Every structure is written in structure tokens, then in C-alpha cells.
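For reference, the structure discussed in these notes is given below.
Just so you know, these numbers come straight off a predicted model, no measurement behind them. In what follows, chains carry the letters A, B, and so on, assigned in the order in which the sequence lines appear, proteins first and then strands, with residues in each chain numbered from 1.
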Amino acid sequence: MPSTPSDLYGLIDGNNFYVSCERVFNPRLENKPVVVLSNNDGCVVARSQEAKDLGIKMGVPWFQVRHLERKGLIAQSSNYALYADMSARMMSVMGQYSPRQEVYSIDESFLLFEGFGSWNLQEHLHRLRAQVRQWVGIPVCGGLGSTKTRAKLANRLAKRELEFGGVCHLESMDLREQARYLSRVEAGDVWGVGRRTTEKLAALNIRTALDLLKAPPDFIRQRFGVALERTVRELNGLACFGLEDEPAPRQQIVASRSFGQRVTELSELRESVLSYMARAGEKLRRQNSVCAVVGVFLRTNAFAPEEPQYHPMATIPLPSPAQDSFTLAKAAIRGLESIYRKGYRYQKAGVMLMELSPASQGQYGLFPEENGDRVTLSRLSDRINDRMGRDTLRLAGSLETGGWRMRRGAASPAYTTSWRELPLASS
DNA sequence: TCTGGGGTCCTAGGACCC
DNA sequence: TCTGGGGTCCTAGGACCC
């Protein structure tokens, strides 16, 4: 539900989150240009301020900036087990600062401040900031605004303009002051305005957040659609997006990876598909859904246009919605075998679980007791893997023999989630 | 040589129906 | 030959988010 006018949204997020997580356990990374790389050490997905200052852009392929190692650039492979755990700690501290929290992504939360009246929210967020820093070790910034879009904007200002000291309250400024700051933010930096829209807006001479705020909503709707119209209204203080405290279950679950090296053999593709399906099945059971359609896809390397290209997808409807890894894996393998062609160098494979519905509404098949055993076994396996570590139990066919596993050249240990990898303190 | 992964929503167009 | 109008559903593609 949209909030009443006096309600305020806060948006708090971690600065250079993945890099900050690495720095908590490896202080030698402080004050140095550091980047965190995507799977297979493919692209830059996080940058320290020093790395940004070197001109490294978000998302660039690592091989294009790798030469900067000579200038002191340090690269870490991504360590999602660590980031997810640090995120949970950070979110739980943030959640203590408002009764209403929406965890929006791995590194940011919206907080809704309803009925806080004359409470000094700016001070409030400064305290939050200090506490997250002290308890979790992650630097964060906060923005306050009358809508989510304005809170996002305020957060961006808090990051960029040093005079805010890490917290920016947009509604505490008079209109003239707001306009001054909004005219310094590019339209493309507004939440909901992507690359394509930025180009189209520029052609209409709408270049800054202030220009966009002043654009007539009807005109924007007609030229760009309802999504951008909402953004414009939100910029003007009309809340179009409410707080979503209760995350809706996913409508679709995807598990896919690029391979560490190109794959040509069906046997290796089978291993990879089984291992991705194990991941997808865990997610499905965690949200207690069942799946009616399984998808499998393959992809050759689109960056090598001289090679023959092939990117097929198979969708396999299940006889009745299922939740257990055995049924899902069988369908996926059948799909894989139907689309596999010899003679291609595959770069990536993936599975999709589609047409999900709550397990409680699931329809039972012809052999419910057999089905029930499989579900029980899958859930048991989830619990064991949860306790003993991922892949302690897995489907036999997913044992790896090939080189499809991803590369992670410089990964940090799972400091907080594995007893074997706890950091040691020496005096 | 080397280029991530996982989501959502909106829209346009076609098939189909009455 | 001439050939309405409106609704639904599905799909593919585009755009956006992190």
C-alpha cells in the first residue's frame, strides 16, 4: 500500500558491498584498488573506490582490465557464501531501526518509517550506520525520501556528496535546495531509468533527475509506458510503490552457469545439468513450491560469432507438479537429450523451474505414496547438506569428471559459514 | 585465450473465440 | 469481390533491477 504523505522511506545499502565483505577479513585490502569478479572470474561485479578511481567500469570483462594488476589492482573471485552470510547479519541490524523492513537485494534494505512524527530520522540513520559498521564491519549509507524512488535518490546523494556524512534526508531540504541537488544527478541514475531509456530521454533533452521530475507524466506515459510514468510521479512525491515486507514466492527458478572451459560431450552436459538441478530443487523446496514445467537450455559462446551458434531450449511438462530432485532431474535429462547436438562447443547450460505453485495447493499424481517418498528423501538430503555442507549428498550422475566446473582463481575462504575456514586470530 | 547470474514487469502481436 | 468488433490467452522480446 502506498504510504500517507508524512511517512518516509529509508534506503540503506552497503558501500561496494562485496569488496567491503572481503575487507572485513582481509585488512590488507584497505585503501587499495580492489575488484570482485563474477563466476569464472569473468567480469568485474564490485569495485572499491580506489578501483573506480582507476577508471574501471562496472561489468567490464576482467581480461580487459587485468593489466592494471601492475598498478596494484587486486582481484578477488566472488565468494557468495561469505556475502550472503554478511548480508544476513547486516540486514538484521538494519531491521532493528524500523518495524517495517523490505530486504530489497543482497546489500540494501528499504525501511518504512510510519508515524515517527517529530523523530529525528537523520540522527536515527546515523546511529544505524555506526552500529552496522561496528557490529558487522560494513560501511553503509542511507537516504530518506517520501517515496522509494526519492529515498534511492537521497541514498545516491549520500554516497556521492561528502557533506552529508553518509546520510541524506531529501525532505529536510527546501525545494530550491532539492532542485540544486537533483540537477546534479543524471537522469540515467534515477531508479528505473536504464540505458535505453536514458538515450531516448536525452533525445528529448531530458538529462537530469530534475528534468525528469518536471516532465509531464501523461507525455512520459505515452512515449515510454506506465513504468516510467510511475517513476516520474514517484520523483514528485506520489508513492506508487509500497513496501513489500512479505516477499512473494518466486514465479520461476533458474540455475545456470558458464563452464570453466568449452564443453562438447553429452556426458559432461549431463553432469552439469544434474548439479544445477540440485541447486534449483533446493530453492524450490525452500519456498515450498511445486513445479509443473521443467526447462533446460544450452548456449554456445555468443562472443565467438565465427563459431557455429546454437541456443536451444526444451520445456518438459510434468505429468503432475513435483518438488523432488529425482523427478525434476529425470525431466531435465530427457530435455537435455532432446536438444543436444554434436559438433557445437557449448559455453553454458542451465535449468529452469516454471509454473510454480504452493505445495499446499499441489495436485497429487497417480502414485502419491511413491511421490511422497521421493519428496521426503529430497528434503532429508537438503537438511543433511545444510548441516554438513553443500553436496555432501547428491545425485550420483552429478559427480564431476569433466572440466565444466567454474574457475575461481582467487577466492577467499568461507570465513563465517564453514568451521574449517574460520579466520584465525594470532597475537 | 579470456565476456556472470537470477529475477520481474510490460507490451505487441498472433491465435482463437463469440 | 465486399469481410466487424471485442475479448482472452499465450508468447517473444525488450527493458529494467541487483
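The CG-P distance, from A/Asp41 to B/dG4, rounds to 12 Å in whole Å. Between the OH atom of A/Tyr83 and the P atom of B/dG6 there is a distance of 16 Å, rounded to whole Å. In this structure, the CZ atom of A/Arg66 is 12 Å from the P atom of B/dT3, given to the nearest Å. Rounded to a whole Å, the CD atom of A/Gln261 is 13 Å from the C1' atom of B/dC2. As rounded to whole Å, 15 Å separates atom P of B/dC2 from atom CZ of A/Phe259.
Within residues 43-64 of chain A, the residues approaching DNA chain B are A/Cys43, A/Pro61, A/Phe63, by heavy-atom distance under 4.0 Å.
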Checklist outcome for this item: Given protein heavy atoms under 4.0 Å, the one-letter contact record of nucleotides 13-18 of chain C, with B base, S sugar-phosphate only and - none, is simply --SSSS

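Along DNA chain B, the nucleotide closest to A/Gly42 and the one closest to A/Ser256 are compared, and the more 5′ of them pairs with A/Gly42. Of the residues near DNA chain B, A/Ile253 and A/Asn301, the one whose nearest nucleotide (by heavy atom distance) lies more toward the 5' end is A/Asn301.
In summary, the side chains of A/Asn205 and A/Asp211 do not present any donor paired with an acceptor at a separation below 3.5 Å, with no hydrogens or angles considered.
Taking A/Tyr310 as the reference, A/Tyr344 meet the ring pair (Phe, Tyr, Trp, His ring centres under 6.0 Å) condition, with sequence neighbours excluded. Scanning for salt bridge (Lys or Arg N to Asp or Glu O under 4.0 Å) contacts around A/Glu355 gives an empty result, with sequence neighbours left out. Listed by chain and number, the residues in a salt bridge (Lys or Arg N to Asp or Glu O under 4.0 Å) with A/Glu337 are A/Arg270 (sequence neighbours excluded). Remark: A/Tyr80 engages A/Tyr18, A/Tyr83 in a ring pair (Phe, Tyr, Trp, His ring centres under 6.0 Å) (not counting sequence neighbours).
A salt bridge is defined here as a Lys NZ or Arg NE, NH1 or NH2 lying under 4.0 Å from an Asp or Glu carboxylate O, and A/Arg207 with A/Glu186 fails to meet this definition.
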Checklist entry - Is there a ring-ring contact (aromatic ring centres under 6.0 Å, His included) between A/Phe113 and A/His124 once you walk through the steps? => result CA-CA 11 Å; A/Phe113 300 104; A/His124 193 57; 5.7 Å; yes

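Of the side-chain N and O atoms in A/Ser258, one or more sit less than 4.0 angstrom from OP1 or OP2 of B/dG5. Note on A/Lys348: every side-chain N or O is 4.0 Å or more away from OP1 and OP2 of B/dG6. Not one side-chain nitrogen or oxygen of A/Arg345 sits closer than 4.0 Å to the OP1 or OP2 atom of B/dT1. For B/dT3, neither phosphate oxygen OP1 nor OP2 lies less than 4.0 angstrom from any side-chain nitrogen or oxygen of A/Arg299.
The shortest distance between side-chain heavy atoms of A/Tyr276 and A/Val296 does not fall below 4.5 Å. By the 4.5 Å heavy-atom criterion applied to side chains, A/Arg221 and A/Asp218 are not counted as neighbours.
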When you compare the protein's N or O atoms with those of nucleotides 8-12 of chain B, which come within less than 3.5 Å of each other, and at what distance?
from   : atom 1 : to       : atom 2 : distance (Å)
B/dT8  : OP1    : A/Gln251 : N      : 3.1
B/dC9  : OP2    : A/Gln251 : NE2    : 3.2
B/dC10 : OP1    : A/Arg230 : NH1    : 3.4

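The shortest non-hydrogen separation linking A/Phe297 to A/Ile339 is CA-CD1, 4.3 Å.
Residues in residues 284-298 of chain A take part in these side-chain hydrogen bond (donor to acceptor under 3.5 Å, both in side chains) pairs, two or more places apart or across chains: A/Arg285-A/Ser325, A/Arg285-A/Asp382, A/Gln287-A/Ser289, A/Asn288-A/Gln323, A/Asn288-A/Arg379. The list of side-chain hydrogen bond (donor to acceptor under 3.5 Å, both in side chains) pairs with a residue in residues 290-301 of chain A, not counting sequence neighbours, reads A/Thr300-A/Gln309. Within the structure, side-chain hydrogen bond (donor to acceptor under 3.5 Å, both in side chains) pairs that include any residue of residues 101-111 of chain A comprise A/Gln101-A/Ser109, A/Glu102-A/Lys148, A/Tyr104-A/Trp191, A/Ser105-A/Asp107, A/Ser105-A/Glu108, A/Glu108-A/Lys152 (at least two apart or interchain).
Using a 4.0 Å heavy-atom criterion, one finds that A/Gln347 contacts the sugar-phosphate atoms exclusively. Residue contacts shown for A/Asn39 are limited to sugar-phosphate atoms, with no base heavy atom under 4.0 Å away. When heavy atoms are screened at a 4.0 angstrom cut-off, A/Ala255 is found touching the sugar-phosphate backbone but no base atom.
Distance OG1/A/Thr208 to CG/A/Asp189: 11.0 Å, rounded to 0.5 Å.
If you take atom C1' in B/dC2 and the same atom in C/dC18, they sit 25 Å apart, rounded to whole Å. Using P as the reference atom, B/dC17 and C/dT3 are 23 Å apart when rounded to the nearest Å.
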Under 3.5 Å, side-chain donor or acceptor atoms of residues 42-57 of chain A against the rest of the protein: list the pairs with distances, not counting sequence neighbours.
from    : atom 1 : to      : atom 2 : distance (Å)
A/Arg47 : NH1    : A/Ile56 : O      : 2.8
A/Ser48 : OG     : A/Lys32 : O      : 3.1
A/Ser48 : OG     : A/Val34 : N      : 3.0
A/Ser48 : OG     : A/Glu50 : N      : 3.4
A/Ser48 : OG     : A/Glu50 : OE1    : 3.0
A/Ser48 : OG     : A/Ala51 : N      : 3.2
A/Gln49 : NE2    : A/Asp53 : OD1    : 3.0
A/Glu50 : OE1    : A/Arg23 : NH2    : 3.1
A/Lys52 : NZ     : A/Asn16 : OD1    : 2.9

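For DNA chain B, if you chain together Watson-Crick or G-U pairs that step i with j, i+1 with j-1 and so on, the runs of at least three with distances under 3.5 Å are B:5-18 with C:5-18.
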